Amino acid sequence: MLTISPIAAFSDNYIWHLQRDEQDWVVDPGDAGPVSTALEERKLDGILITHHHWDHTGGIAELAAKYHCPVYGPGSVEGVTHPLAAGDRCEVLGFPVSVMDVPGHTLDHLALLLRENDGRVEQNHLFCGDTLFAAGCGRLFEGTPAQMYSSLAKLSALPPETRVYCAHEYTLANLRFAAAAEPGNQAVRNRLAQVEALRASGKTTLPSTIGEELATNPFLRCHIPALARQAANHGATENSDEVEVFAYLRRWKDNF
């Protein structure tokens with residue numbers, strides 16, 4: 001059976017550790033040390049990368065040299081041995097992985113959708129790096145608001161039960177913004193209370209699901225009139241389309 005668990009790195013990164021039948025893969029190893037510690041005496045069979053930022057790639061060289069494993073990800077990333085692009089498919093731990101291009105945070109950003117189906121379990125697992133966060137989205141370092149909004153639309157169209165494995169523990173801060181952006185959303189208030197309890201006890205808030213994000217993530221809800229009205233308080237106009245509403249919400253969040 002597939003198990004997926006977080007390996008904590010730096011102040012708030014998660015390196016996702018995938019295990020099945022004595023095989024081990026990791027996603028976005030920004031630091032090799034925590035990965036080697038988590039593996040103990042096991043070997044690493046492969047690495048998946050979503051984008052080029054150092055806190056997602058910094059451990060590639062050390063891990064690849066130590067374990068002689070393949071590295072799948074954007075061709076722009078140093079150390080990738082198996083370049084991936086939108087529409088590609090590969091196999092990880094015996095399951096198919098579909099590749100989606102999701103520019104916005106960076107231009108080379110990929111999202112990786114693993115479809116688990118072993119006859120007992122059918123489940124989609126989305127590794128989305130820094131594009132989609134629990135109750136949030138990544139900053140626009142390289143892409144445009146239109147690119148990021150399009151990328152988020154691709155992800156939000158996935159089945160609602162899809163599990164979402166983003167790469168940072170930002171959920172509490174994101175939900176506090178969501179509560180300010182959409183104060184009438186009871187689902188946001190309920191989730192905020194749950195997350196506050198989780199973080200108070202030192203527990204992770206991930207994975208999320210696409211369904212949960214559709215209900216509580218303001219960046220997936222720019223079509224909601226209440227959010228459009230809030231965006232108007234931060235520069236949008238009554239004629240702003242959803243992309244413009246998104247852009248003003250993202251700028252507000254940048255300084256929240």
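Note that this is a predicted model, so its numbers are computed, not measured.
The list of salt bridge (charged side-chain N to carboxylate O under 4.0 Å, His left out) pairs with a residue in residues 11-38, not counting sequence neighbours, reads Asp24-Arg42. Sorted by first and then second residue, the side chain to side chain donor-acceptor pair (under 3.5 Å) pairs with a member in residues 84-96 read Arg89-Ser98; sequence neighbours excluded. Screening residues 102-112 for salt bridge (charged side-chain N to carboxylate O under 4.0 Å, His left out), with sequence neighbours left out, gives no hits. Screening residues 93-106 for salt bridge (charged side-chain N to carboxylate O under 4.0 Å, His left out), with sequence neighbours left out, gives Asp101-Lys154. Within the structure, salt bridge (charged side-chain N to carboxylate O under 4.0 Å, His left out) contacts touching residues 58-74 (residues at least two apart or in different chains) do not occur.
Nearest heavy-atom pair across His56 and Ala167 is CE1-CB, 3.3 Å. What you find for Ser156 and Leu214 is that their closest heavy atoms are CB-CD2, 3.7 Å. Smallest separation of non-hydrogen atoms from Leu132 and Cys166: O-CB, 3.2 Å. Of all non-hydrogen atoms in Val80 and Pro74, the two that sit nearest each other are CG2-O, 3.4 Å. Here the closest non-hydrogen pair linking Thr131 and Met148 is CG2-SD, 3.9 Å. The two residues Ala111 and Val102 have their closest heavy-atom pair at N-CG2, 3.7 Å.
Taking 4.5 Å as the limit, every side-chain heavy atom of Leu227 sits out of range of all side-chain heavy atoms of Cys222. The shortest side-chain heavy-atom distance between Arg251 and His234 does not fall under the 4.5 Å cut-off.
Interatomic distance, Glu78 CD to Thr57 OG1, rounded to the nearest 0.5 Å: 9.0 Å. Separation of atoms CD1 (Ile60) and CH2 (Trp54) is listed at 13.5 Å; rounding is to 0.5 Å. Summarising the geometry, atom CD1 belonging to Ile210 is positioned 5.5 Å from atom CG belonging to Leu126; distances are rounded to the nearest 0.5 Å. Note: Cys69 SG to Leu63 CG = 6.5 Å, rounded to the nearest 0.5 Å. Of the inter-residue distances, the one linking Thr209 atom OG1 with Leu158 atom CG reads 11.5 Å to the nearest 0.5 angstrom. To the nearest 0.5 Å, atom CG of residue Leu39 and atom OH of residue Tyr67 are 4.5 Å apart.
Between the side chain of Ser240 and the backbone N or O of Thr237 there is at least one donor-acceptor pair closer than 3.5 Å. In this structure, His17 contributes its side chain and Val26 its backbone to no donor-acceptor pair below 3.5 Å.
Taking a 6.0 Å sphere around CD of Glu238, one finds it holds 12 or fewer heavy atoms contributed by other residues, nucleotides or ligands.
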Between Met1 and Arg120, does a side chain to side chain contact (heavy atoms under 4.5 Å, CB included) hold up when you go through it step by step? CA-CA 9 Å; Met1 184 175 179; Arg120 296 172 298 171; 3.9 Å; yes
Applying side chain to side chain contact (heavy atoms under 4.5 Å, CB included) to Asp130 and Tyr170, what does each step give before you reach the verdict? CA-CA 11 Å; Asp130 288 356; Tyr170 290 163; 5.9 Å; no
Could you please spell out the steps behind the side chain to side chain contact (heavy atoms under 4.5 Å, CB included) verdict for Gln123 and Arg163? CA-CA 8 Å; Gln123 180 67 60; Arg163 291 179 181 168; 3.7 Å; yes
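With sequence neighbours excluded, the residues that form a ring-ring contact (aromatic ring centres under 6.0 Å, His included) with His109 are His51. Take Arg250 and apply the side-chain hydrogen bond (donor to acceptor under 3.5 Å, both in side chains) test, not counting sequence neighbours, and it matches Asp254. Residues forming a side-chain hydrogen bond (donor to acceptor under 3.5 Å, both in side chains) with Arg191 (at least two apart in sequence, or on another chain): Ser208, Glu212, Glu213, Thr216.
Here Val195 sits in one hydrophobic cluster together with Leu172, Leu175, Val188, Leu192; the rule is ILVMFWY side chains under 4.5 Å apart, joined directly or through other members. Other cluster members for Phe95: Leu2, Ile4, Tyr14, Trp16, Leu18, Trp25, Val27, Leu48, Tyr72, Leu84, Val92, Leu93, Val97, Val99, Leu110, Leu112, Leu114, Phe127, Tyr165, Leu206, joined by side-chain heavy-atom distances under 4.5 Å among Ile, Leu, Val, Met, Phe, Trp and Tyr. With side-chain heavy atoms closer than 4.5 Å counting as contact, directly or through intermediates, Tyr248 stands alone and belongs to no larger hydrophobic cluster.
Under the 4.5 Å side-chain heavy-atom criterion for ILVMFWY residues, no single connected hydrophobic cluster contains both Tyr149 and Leu107. Put simply, Ile7 and Val164 are part of two different groups of oily side chains (I, L, V, M, F, W, Y) that touch within less than 4.5 Å, one to the next. Under the 4.5 Å side-chain heavy-atom criterion for grouping Ile, Leu, Val, Met, Phe, Trp and Tyr, Phe133 is not connected to Leu152 through any hydrophobic cluster.
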Could you give the side-chain donor-acceptor pairs of residues 176-183 under 3.5 Å, partners two or more places apart or in another chain?
unit_1: Glu182; atom_1: OE1; unit_2: Asn185; atom_2: ND2; d: 3.1
unit_1: Glu182; atom_1: OE1; unit_2: Arg221; atom_2: NE; d: 2.9
unit_1: Glu182; atom_1: OE2; unit_2: Arg221; atom_2: NH2; d: 2.8

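The only member of Glu169, Arg199, Glu196 that meets side-chain hydrogen bond (donor to acceptor under 3.5 Å, both in side chains) when paired with Thr205 is Glu169.
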